[in-house]
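All residue numbers refer to positions in the sequence shown, counting from 1. Here the structure is a predicted model, which means the values were calculated and not measured. Both counts, for ligands and for their atoms, begin at 1 and track the order of listing.
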Amino acid sequence: MKDILPPESAVWQVVENKLRDVFNLFGYKEIRTPFLENLNLFERGIGEATDIVEKEMYIFNDSKGRQSALRPEMTASVARAFIENNLNQIQSVHRLFYVGPMFRHERPQAGRLRQFHQFGGECIGLNDPISDVDVIYLIYQLLAELGITDFTIRMNSLGSQDSKQKYSKTLREYLSSYKTKLCDLCQDRLDRNVFRVLDCKNDECQALTQSAPLILDVQSKDDQNYFNQIVHILEQMQIPFRIDPRMVRGLDYYTNTVFEISHPSLGAKDALGAGGRYNNLIQSLGGADTPAIGFAVGLERLLMILSQEKILKNSAGQDKLYLVSMGEESMKQNYFLLNELRKQKFLVEMDMSCKNIKYQMKQANKLKANWCLIRGEDELTSQQIVIKNMDSGDECKILFDQLFEFLNQSVKSEI
Ligand code: AMP
């Protein structure tokens with residue numbers, strides 16, 4: 001678990017703001033749910049035979065013996081909130097987004113944290129190929145807004161629940177004849193969650209699954225047709241993607257479309273994000289029969305591939321001012337001025353410890369101030385103020401009364 005400190009926290013803010021803008025543009029509204037949920041929600045929602053539920057959750061017993069868990073992902077929580085708040089009675093389609101921390105007790109390693117952050121979107125109430133396309137397009141726009149273009153989206157279709165069941169039988173039959181050659185974990189997965197064998201990183205398991213039957217071939221004509229329409233529209237929109245007929249995704253709730261987003265700098269093992277359709281989740285948690293599709297992207301991984309410096313530079317739209325004082329009375333008067341400047345939304349700082357002018361100018365440089373406003377005892381007496389442009393080094397003295405007129409004309413303020 002990591003502390004996020006300045007100046008990195010400023011990068012987070014910029015990234016989150018950009019993401020919010022794009023979500024808004026696509027009609028997504030923010031949802032915030034509690035970090036703690038009933039354990040049962042994740043067991044039922046994500047599936048008991050998944051890595052997350054089997055070994056990665058932080059679980060607590062409260063004083064009444066109820067088991068709670070820190071959320072390891074958001075889709076189950078969003079589905080729970082959707083049902084509990086009867087959102088389906090307000091309107092038939094909901095587009096919801098979130099940004100926030102998730103918790104998984106994983107083995108710590110590069111790009112894998114125990115508290116990490118995801119942003120994601122859930123489009124609830126639609127079951128049309130265009131809504132799948134729109135989610136994929138949204139991901140493109142979110143990443144493009146941050147200047148990330150060299151990522152890959154791999155897609156597959158798991159088909160409906162019926163098709164999934166049919167495929168798990170076919171796959172189990174196929175793999176059973178090689179059971180002893182599978183790794184110990186996959187031998188166990190064979191009975192409990194056979195799809196996971198296709199995800200296994202073990203070389204021998206991978207070799208064995210190479211000629212396994214494909215899920216796309218086993219699913220119904222309707223399911224195939226649905227997926228083909230998505231593929232066709234994405235092609236028409238010239239959105240690049242790859243079909244990966246072996247991709248299954250670990251969580252139980254997915255049906256039909258599934259996808260993963262990867263980036264060359266993260267390596268083959270770690271995805272940038274993932275998502276898919278989950279047409280049965282809401283009903284299986286006690287809600288009405290409601291189709292949905294969603295995705296999540298890891299923010300730490302996103303930040304690993306972004307040029308943080310570039311983000312900060314591009315977003316530094318507003319000029320910074322630094323107030324320089326000489327003597328106690330000037331510091332007090334400048335403090336009143338500081339608050340006046342703050343009121344008028346100027347980005348301004350000053351030294352509050354009565355240090356010498358050399359120290360204050362050094363601070364101004366350190367803070368990358370664009371302007372210094374210098375007002376010592378002499379300027380107080382003559383009712384003037386010195387303005388120094390820190391970029392050009394030019395300096396001028398003006399009447400204090402004219403300060404705000406000057407600032408409004410010369411200082412870049414974007415708030
Ligand atoms: P998942 O819910 O497992 O499909 O994860 C979606 C995305 O969340 C991944 O592609 C990662 O970017 C991110 N993610 C998942 N687990 C972690 C973790 N332990 N540490 C950092 N990022 C993670």
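E73 does not count as a contact of ligand 1, since none of its heavy atoms falls under 4.0 Å from the ligand. Ligand 1 lies nowhere less than 4.0 angstrom from a heavy atom belonging to P72. Heavy-atom distances between E300 and ligand 1 stay at or above 4.0 Å for every pair. Using a 4.0 angstrom heavy-atom cutoff, R114 does not count as in contact with ligand 1.
Looking at V297 next to ligand 1, no N or O pair under 3.5 Å apart turns up. Annotation: A274 places no N or O atom under 3.5 Å from an N or O atom of ligand 1; distance criterion only. Considering backbone and side-chain atoms alike, A271 places an N or O below 3.5 Å from some N or O of ligand 1. Backbone and side-chain nitrogen or oxygen atoms of F116 are examined, and none is located within less than 3.5 angstrom of a nitrogen or oxygen of ligand 1.
D162 has no carboxylate O lying under 4.0 Å from a charged side-chain N of K166, or vice versa, which leaves the two without a salt bridge. Between R20 and E30 a salt bridge is recorded (basic side-chain N to carboxylate O distance below 4.0 Å). Between R71 and E37, none of the side-chain N atoms (NZ, or NE/NH1/NH2) sits under 4.0 Å from a carboxylate O, so this pair counts as no salt bridge. Under the 4.0 Å criterion applied to side-chain N and carboxylate O atoms, E349 and K320 are not assigned as salt-bridge partners. A salt bridge is absent between D351 and K355: the closest approach of a Lys/Arg side-chain nitrogen to an acidic carboxylate oxygen does not fall below 4.0 angstrom. A salt bridge links D199 with R196: the distance from a Lys NZ or Arg NE/NH1/NH2 to an Asp or Glu carboxylate oxygen falls below 4.0 Å.
Set against the non-hydrogen atoms of E106, the atoms of ligand 1 under 4.0 Å away are 16 (N), 17 (C), 18 (C), 19 (N). Numbered from 1 in the order shown, with element, the atoms of ligand 1 that lie under 4.0 Å from a heavy atom of L113 read 18 (C), 19 (N), 20 (N), 21 (C). Shown in contact with G111 at under 4.0 Å from a heavy atom are these atoms of ligand 1, numbered in order with element: 20 (N), 21 (C), 22 (N). Short contacts between ligand 1 and G273, defined as distances under 4.0 Å to a heavy atom of the residue, involve ligand atoms 10 (O). Taking every heavy atom of Q118 and a limit of under 4.0 angstrom, the matching atoms of ligand 1 come to 2 (O), 5 (O), 6 (C), 7 (C), 8 (O).
For atom 13 (C) of ligand 1, the closest heavy atom belonging to the protein is G298 CA, 3.6 Å. From the protein, the heavy atom lying nearest to atom 11 (C) of ligand 1 is R301 NH1, 3.3 Å. Shortest contact from atom 1 (P) of ligand 1 to any protein heavy atom: R104 NH2, 3.6 Å. For atom 4 (O) of ligand 1, the nearest protein heavy atom (residue, atom name, distance) is R249 NH2, 2.7 Å.
In Y137, the OH atom is not crowded: 12 or fewer heavy atoms of neighbouring residues, nucleotides or ligands sit closer than 6.0 Å. Within a 6.0 Å radius of OH in Y335, other residues, nucleotides and ligands contribute 12 heavy atoms or fewer. More than 12 heavy atoms of other residues, nucleotides or ligands shown are found within 6.0 angstrom of NZ on K201. Counting heavy-atom neighbours within 6.0 Å of I59 CD1, excluding the residue itself, gives a total above 12.
No part of M102 comes within 4.0 Å of ligand 1, judged by heavy-atom distances. Residue L272 touches ligand 1 through its backbone alone, judged by heavy-atom distances below 4.0 Å.
Side-chain contact of T290 with Q283: a donor-acceptor pair under 3.5 Å is absent, judged by distance alone.
The shortest side-chain heavy-atom distance between R277 and P291 falls under the 4.5 Å cut-off.
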